[in-house]
Amino acid sequence: MWFYFVLIIASLAIYWLRSRYSYWQKRGVPNLPAYFPFGNLQGILGQHMSALTKQSYEKLKSPGRKLAGIYFFTNPVAMVLDLEFVKDVLIKDFQYFHDRGLYFNEKDDPLMAHLLTLEGNKWKILRNKLAPTFTSGKMKMMFPVITAVAERFQQSLGAVVATGQDIEIKDFLARFTTDVIGTCAFGLECNSLADPKAKFREMGRSIFRQSPVLLMKMLFGLMFRDLARKMHMRVIRKDVGDFFMNAVRETVDHREKNNVVRNDFMDLLIKLKNAEPIEEGNTNQLNQLTFNEIAAQAFMFFVAGFETSSTAMTFCLYELARNQELQDKARKSVLDAVKVHGSMTYEAIYDMKYVENCINESLRKYPPIANNLRSVTNNYKVPETDIVLEKGCRVIIPIYAIHHDPEYYPDPEKYDPDRFDPDQVAQRHQMAFIPFGDGPRICIGMRFGMMQALVGMACLLQNFRFELAARTTVPLVIDPSNFIMGPKEGVWLHFEKI
Ligand code: HEM
Ligand SMILES: *[C@@H]1O[C@H](CO)[C@@H](O)[C@H](O)[C@H]1NC(C)=O
């Protein structure tokens, strides 16, 4: 009796798996053989997603092929292989691809219902409301805040340098960006530079370091969203969530009580919270945001902003430390711009073209977000093919693989900032460089992230010469369990004051 029962269950399971793993075959979409349980993510426990998707991309890419099928565990995912098709997905046919399909669970994890995860109309309304915080006018207003933090950052670095010690820059830069974002988003002097154990930094660190459990939860939620919601699965640890909720509550209370206006991100959120309904009888909840909703946006600003920018800067310093010639060129670019503009002004920063090239080249070689995701919201016929991507299907844009494709970047492992000289940029497809994504859902913090990296790099180049310390492993090993693409071990540099 039991024997038959087990046999039936096993047969059903095998039948189900077979049919799952023939999803792409049945639809005539090129694909790779996939096996239970990882599908085409075999190796996920030891390798970063960027490396895995690059392997699939290289095996599947073929002239004229727009897309191919892969499997994340047992879920079919369409991988974009062609840059024109990247453009269709991100820009031209955006109306089919406006969602990411990431896991969030507003009930149990209210902080996760933010711009990055929200979908459809809710996303659109919120995006329009938040966009004004990120214009170049607003960036210019935040610029002095960032330079003030950078100044402090550079002084505290100077103090350590004077003792002759090597410095671990990954952590150091994460403290810098935490401070910048804590100041700009929360209006706090969170002082993580002065005190490495400051609560913000600690909380920021634990968001990313609870991995690989976090990574597995995110992947599980991505694939079995309804089930995960029914199970009340949360991705934010309770103490971390409580900390941010309290930080936002205190900031809001303080500002409302004392009528503090700082023209920053938090001000805009408070305005949205207190907004009167725009029209009489308008039931649209989003004209007015609840406290939880604004807390989620502040949280997003923090999460999306600090680790991405700090890893971008870490890799940039690492590459410049390895190549003194490039470093000297970058320093000259800083000094020239400062000379022309008198000091390190907003205008001077955007005149440091070579530094910008260096940052872009590290965003190419090490894109912090290695893959971009979209979820199909309406059956979509792929142009010039018979393939129909069904509603609910996930689409992956392999940013890292594209950035390492020798067709677009000859000798892709070489760090060469001249790739971003205007004449070289003009020769490439617009979609060959997409570290911030593109289209209506492009990274909302792109200007902010670039400005922060430029200020940080310029400050360091102006004041210090640096080289790799002996204890840094070359090449850097990427941390497989971090969602963001960053180095696993510390990156130690030896600095010298100029
Ligand atoms: C070097 C730094 C950064 C990199 C490489 C980066 C990368 C990205 C990428 C690839 C996306 C997805 C875009 C798409 O789907 O087309 C994204 C979205 C987003 N990023 Fe960034 N980002 C950075 C800095 C920041 C900063 C500083 C903030 C906040 C201040 C931020 C906030 C966001 C938000 C809110 C989204 C979701 C936008 C939406 O769905 O409407 N990012 N980012
Ligand atoms: C560097 O990248 C940013 C963001 O993609 C872009 O706006 C800028 O034009 C790039 N700069 C150069 C010199 O290519």
Side-chain angles (χ1 to χ4, degrees), residues 86-87 89-91 94 97-102 114-120 122-131 133-134 136 138-139 142 146 173 177-178 180-182 184-185 264-265 296-316 333 350-364 366-375 395-400 403 417-426 428 430-454 456 484-486:
V86 171
K87 197 170 173 180
V89 170
L90 291 182
I91 305 172
F94 180 74
F97 300 102
H98 51 70
D99 295 342
R100 294 206 174 86
L102 296 175
H114 49 53
L115 200 62
L116 199 72
T117 54
L118 284 176
E119 307 194 330
K122 244 186 159 172
W123 164 75
K124 194 168 171 188
I125 293 168
L126 194 63
R127 173 96 190 192
N128 285 334
K129 288 191 183 285
L130 294 181
T133 350
F134 294 94
S136 35
K138 283 277 158 45
M139 291 304 113
M142 287 187 207
I146 300 183
L173 292 168
T177 55
T178 303
V180 170
I181 281 159
C184 290
D264 62 3
F265 191 66
Q297 308 321 311
F299 178 71
M300 164 280 294
F301 192 99
F302 185 77
V303 170
F306 93 90
E307 179 112 344
T308 45
S309 307
S310 69
T311 52
M313 290 165 71
T314 301
F315 285 122
C316 193
S333 167
Y350 286 94
D351 242 1
M352 300 173 184
K353 288 297 168 211
Y354 193 75
V355 181
E356 192 175 323
N357 290 2
C358 291
I359 293 170
N360 282 7
E361 175 65 350
S362 52
L363 288 171
R364 176 196 70 83
Y366 313 96
I369 311 285
N371 292 294
N372 201 353
L373 271 184
R374 288 289 188 267
S375 163
V395 178
I396 186 169
I397 296 148
I399 300 178
Y400 176 79
H403 285 186
D418 291 340
R419 297 188 204 264
F420 288 90
D421 277 347
D423 49 329
Q424 286 206 41
V425 172
R428 276 194 301 266
Q430 186 197 350
M431 295 294 122
F433 181 63
I434 43 170
F436 294 98
D438 211 332
R441 218 167 170 168
I442 191 171
C443 174
I444 201 171
M446 178 172 87
R447 284 203 190 93
F448 187 83
M450 283 303 284
M451 177 165 79
Q452 176 171 249
L454 274 167
I484 286 176
M485 193 180 142

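Numbers for residues simply follow the sequence, beginning at 1. These values consider heavy atoms only, across backbone and side chains, with no hydrogens, waters or symmetry-generated copies. Fair warning: this is a prediction, and the values are worked out from it, not measured in the lab. One-based numbering, in listed order, for ligands and for the atoms of each.
- Contacts with ligand 1 closer than 4.0 Å are made by side-chain heavy atoms of Arg100 only, the backbone lying farther away.
- Between Phe302 and Thr178, some side-chain heavy-atom pair lies under the 4.5 Å cut-off.
- From the protein, the heavy atom lying nearest to atom 27 (C) of ligand 1 is Gly305 CA, 3.5 Å.
- When heavy-atom distances to ligand 1 are checked against a 4.0 Å cut-off, His114 has no atom that comes that close, whether in backbone or side chain.
- Each of the atoms 13 (C) of ligand 2 lies under 4.0 Å from some heavy atom of Asn357.
- Comparing heavy-atom distances from atom 7 (C) of ligand 1 across Pro367, Pro435, Ala370, Pro440 singles out Pro435 as nearest.
- In this structure, Arg428 contributes its side chain and Arg419 its backbone to a donor-acceptor pair below 3.5 Å.
- In this structure, His403 and Phe433 have parallel ring planes: the angle between them is below the 30° cut-off, well short of the 60° mark.
- Among protein heavy atoms, atom 32 (C) of ligand 1 sits closest to Ala304 CB, 3.4 Å.
- The distance from ligand 1 to the heavy atoms of Trp123 drops below 4.0 Å at these ligand atoms: 39 (C), 40 (O), 41 (O).
- Checking side-chain atoms of Glu119 against main-chain N and O of Gly101 turns up a donor-acceptor pair under 3.5 Å.
- The part of Ile369 lying near ligand 1 is the side chain, judged by heavy-atom distances below 4.0 Å.
- Of the protein's heavy atoms, Leu116 CD1, 3.4 Å lies nearest to atom 36 (C) of ligand 1.
- With hydrogens left out, the protein atom closest to atom 1 (C) of ligand 2 is Asn360 ND2, 1.5 Å, a heavy atom.
- Residues Leu115 and Arg100 share a closest heavy-atom pair of O-NH1, 4.3 Å.
- Taking a 6.0 Å sphere around NZ of Lys124, one finds it holds 12 or fewer heavy atoms contributed by other residues, nucleotides or ligands.
- Of the options Pro368, Gly445, Cys443, the smallest heavy-atom separation from atom 19 (C) of ligand 1 is shown by Cys443.
- For atom 3 (C) of ligand 1, the closest non-hydrogen atom of the protein is Phe436 CE2, 3.3 Å.
- With respect to atom 14 (C) of ligand 1, the closest heavy atom belonging to the protein is Asn372 ND2, 3.1 Å.
- Among the candidates Leu173, Ile181, Val180, Thr311, the single residue satisfying the side chain to side chain contact (heavy atoms under 4.5 Å, CB included) test with Phe306 is Ile181.
- Residue contacts with ligand 1 for Asp438 involve N, CA, C or O but no side-chain atom from C-beta outward (heavy atoms, distance under 4.0 Å).
- For atom 35 (C) of ligand 1, the nearest non-hydrogen atom of the protein is Met300 SD, 3.0 Å.
- Arg127 NH1, 3.4 Å is the protein heavy atom nearest to atom 38 (C) of ligand 1.
- Of all the atoms in ligand 2, the ones that sit under 4.0 Å from a non-hydrogen atom of Glu356 are 1 (C), 8 (C), 9 (O), 10 (C), 11 (N), 12 (C), 13 (C).
- Under a 4.0 Å criterion applied to the non-hydrogen atoms of Phe433, ligand 2 contributes the atoms 2 (O), 5 (O).
- Within the 4.0 Å heavy-atom criterion, the part of Arg374 lying near ligand 1 is the side chain and not the backbone.
- Remark: the backbone N or O of Gly120 is paired with a side-chain donor or acceptor of Asp99 at under 3.5 angstrom.
- Across every non-hydrogen atom of Pro417 and Cys358, the tightest pair is CG-SG, 3.8 Å.
- For atom 34 (C) of ligand 1, the closest non-hydrogen atom on the protein side is Ile444 CG2, 3.7 Å.
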